[in-house]
Student: 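I'd like to ask some things about the structure below.
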Amino acid sequence: MRIPFDSIIFVGGVHGSEPLPLVGLQLAGVTHLVGNPLALEKRVRYIDQDLNRAFENIHGADHESGRARHLLERISPNAFVIDLHTASHVTVPFCVVTNKSMSVLAAIAGIEHVVYFPRSSHFISGSLI
């Protein structure tokens, strides 16, 4: 099956309190972007605001708005972004998709649990998803 995107970009470390996706990407030798290196260094979720929410206003002067600008400059609008996170509780692997056609990739990866949030949903406004 062909994925209808120019490229696939993996992102880890969007939250500094979630280093494990980066460890997995590094161990697998997968090229990736680091979401919030300063927050990772400080071992905190974020510096000024949640990076996912910083995509709502990339022209802000705070740290995460700058990171959002930086990431968007490196990601083609036609790229498929896989943003890896960890959960604070034990859970089964799941993914969040913003387009139902993306659930095909979850099936290929063996992920049985898919949460669908349309891009227009107020629940994920400004996210990198």
Student: If we check side-chain contact (heavy atoms from CB on, under 4.5 Å) with E64, which of these qualifies: V14, D50, L51?
Tutor: L51

Student: Which atom names give the shortest non-hydrogen contact between A106 and C95, and what distance separates them?
Tutor: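 For A106 and C95, the tightest heavy-atom pair comes out as CB-SG, 3.4 Å.
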
Student: Show me the pairs that pass salt bridge (Lys or Arg N to Asp or Glu O under 4.0 Å) and involve residues 12-24, at least two apart or across chains.
Tutor: E18-R45

Student: Mind checking the CD1-CG spacing from I9 to D83? Nearest 0.5 Å is all I need.
Tutor: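 So the gap between those two atoms works out to 12.0 Å.
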
Student: Between I82 and V30, is there shared hydrophobic-cluster membership here, with clusters defined by ILVMFWY side-chain heavy atoms closer than 4.5 Å?
Tutor: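 I82 and V30: one cluster.
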
Student: Quick check: is I111 connected to V97 through a chain of hydrophobic side chains (ILVMFWY, heavy atoms under 4.5 Å apart)?
Tutor: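 Not linked; separate clusters.
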
Student: Could you walk me through whether H15 and N52 pass the side chain to side chain contact (heavy atoms under 4.5 Å, CB included) check?
Tutor: CA-CA 9 Å; H15 299 125; N52 281 330; 3.6 Å; yes

Student: Any link between V23 and L25 through a network of hydrophobic side chains (Ile, Leu, Val, Met, Phe, Trp, Tyr) touching at under 4.5 Å?
Tutor: no

Student: Answer yes or no: is there a side-chain heavy-atom contact under 4.5 Å between N57 and H59?
Tutor: yes

Student: Tell me, do V96 and H85 make a side-chain contact under 4.5 Å, heavy atoms counted?
Tutor: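 No; the side chains remain at least 4.5 Å from each other.
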
Student: Please name the pair of heavy atoms, one in V34 and one in L71, separated by the smallest distance, quoted to 0.1 Å.
Tutor: O-CD2, 4.0 Å

Student: Just wondering, more than 12 heavy atoms not from E112 lying within 6.0 Å of its CD?
Tutor: no

Student: Closest heavy-atom contact between P21 and G12?
Tutor: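 Looking at all heavy atoms of both residues, the shortest contact is CB-CA, 4.5 Å.
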
Student: With heavy-atom distances below 4.5 Å as the criterion, would you say the side chains of R67 and L38 are in contact?
Tutor: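 Of all side-chain heavy-atom pairs linking L38 with R67, none is under 4.5 Å.
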
Student: When rounded to the nearest 0.5 angstrom, what is the spacing between CG in L84 and CG in L20?
Tutor: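 Reported to 0.5 Å precision, the distance equals 11.0 Å.
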
Student: Got a sec, which residues hit side chain to side chain contact (heavy atoms under 4.5 Å, CB included) with S103, two or more places apart in sequence or on another chain?
Tutor: V114

Student: Tell me whether I75 shares a hydrophobic cluster with F55, the cluster being built from Ile, Leu, Val, Met, Phe, Trp, Tyr side chains joined at under 4.5 Å.
Tutor: yes

Student: So H63 and N36, side chain to side chain contact (heavy atoms under 4.5 Å, CB included) or not? Walk me through it.
Tutor: CA-CA 9 Å; H63 175 74; N36 200 337; 3.0 Å; yes

Student: Heavy atoms only: give me the nearest A54-S65 pair and the separation to one decimal.
Tutor: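 Taking A54 first and S65 second, the nearest heavy atoms are CB-N, 3.8 Å.
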
Student: Report whether I58 and Y46 are members of the same hydrophobic cluster (ILVMFWY, side-chain heavy atoms less than 4.5 Å apart, transitive linking).
Tutor: no

